[in-house]
Amino acid sequence: MKIFIDSANLEDIEEGVSYGVVDGVTTNPSLIAKEGADIHSRIRQICEIVDGPISAEVVATEWEEMVEEGRDLSQIHENVVVKVPVGPEGLRAAKKLREENIDTNVTLIFSPSQALLAAKAGASYVSPFVGRLDDITQPGMEMVRDIVQIFQNYDFATQVLVASVRNPLHFLEAAKMGADVATLPVAVVRQLLKHPLTDIGLEKFLADWHKASELR
Ligand code: E4P
């Protein structure tokens, strides 16, 4: 499973890259706004750090404008993937961008049916938001299981990019289900690396080493 960093913060992205586990990056308008950055320059900076798919989202609401914005974003770097929201306008934009060979990530997916339609429209990725479904007491990972199954049934090339990941269990379940990508806040990457038995084991190895060194 590929791992993307879900952030527009350069330090977060660099931290993930330093662990050697990062295949790409996802951003959204909220993440860019949080950084107070201009979208074009921030996406360009991210493309310099990570050599992989970098999702940049449109903010237009009509499909023709989404396409224009998408074309502009795709000019920043060959690795840019244009993120469009699912819905009638988003699907029209995804179809048009596919015809122009521009990769898209259809986002804000909350049902397997939305994902299926986005795949048919030619999306390169679909982004099911698991954490936000959990927030309203609907199991987000069940949606992912259904999407993976449907895409396998029909041999869709569209990749399942698990988004709105909030904890290590989301990540583990996504890997067990065979999702193509999980996009993670760097804090979740840190949580994944942590295990109390690793800490206890390391502490004991070092204590034994120092004890033995004193005897020498
Ligand atoms: C990524 O593509 C999404 O925009 C992001 O994962 C949303 O996460 P959130 O629900 O934690 O805001």
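Numbering of ligands and ligand atoms starts at 1, following listing order. Computed from a predicted structure; not experimentally measured. Side-chain atoms are counted along with the backbone in the values below, which use heavy atoms only and exclude waters and symmetry mates.
Taking 4.0 Å as the cut-off, Thr107 does not count as a neighbour of ligand 1 on heavy-atom distance. Under a 4.0 angstrom heavy-atom cut-off, Glu57 registers as lying outside contact with ligand 1.
When side chains are defined from C-beta on, Val148 counts as touching Val144, because their heavy atoms get closer than 4.5 Å.
Shortest contact from atom 4 (O) of ligand 1 to any protein heavy atom: Asn28 ND2, 2.7 Å. Nearest to atom 2 (O) of ligand 1 among the protein's heavy atoms is Lys83 NZ, 2.6 Å.
Salt-bridge annotation for Arg44 and Glu48: absent, with no side-chain N of the basic residue lying under 4.0 Å from a carboxylate O of the acidic one. With respect to the salt-bridge test (charged N to carboxylate O, under 4.0 angstrom), the residues Arg42 and Asp38 do not qualify. Taking a cutoff of 4.0 Å between a charged side-chain nitrogen and a carboxylate oxygen, Arg92 and Glu89 qualify as a salt bridge.
Close contacts of ligand 1 with Arg132, meaning ligand atoms under 4.0 Å from a residue heavy atom, involve 7 (C), 9 (P), 10 (O), 12 (O). Atoms of ligand 1 lying under 4.0 Å from any heavy atom of Thr26, numbered from 1 in the order shown and given with element: 1 (C), 2 (O). Near Phe129, with a cut-off below 4.0 Å to any heavy atom, the atoms of ligand 1 are 3 (C), 4 (O), 7 (C).
Shown here are the salt bridge (charged side-chain N to carboxylate O under 4.0 Å, His left out) partners of Asp199, two or more places apart in sequence or in another chain: Lys194. The salt bridge (charged side-chain N to carboxylate O under 4.0 Å, His left out) test applied to Lys2 returns no partner, not counting sequence neighbours.
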Exercise. Could you walk me through whether Glu173 and Lys176 pass salt bridge (Lys or Arg N to Asp or Glu O under 4.0 Å), step by step?
Key: CA-CA 5 Å; Glu173 288 295 305; Lys176 281 159 65 176; 3.5 Å; yes
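Residue Asp6 has at least one N or O atom closer than 3.5 Å to an N or O atom of ligand 1. Geometrically, ligand 1 and Arg166 share a nitrogen or oxygen pair separated by less than 3.5 Å.
Between Pro185, Ser7, Ser164, it is Ser164 that holds the heavy atom closest to atom 8 (O) of ligand 1.
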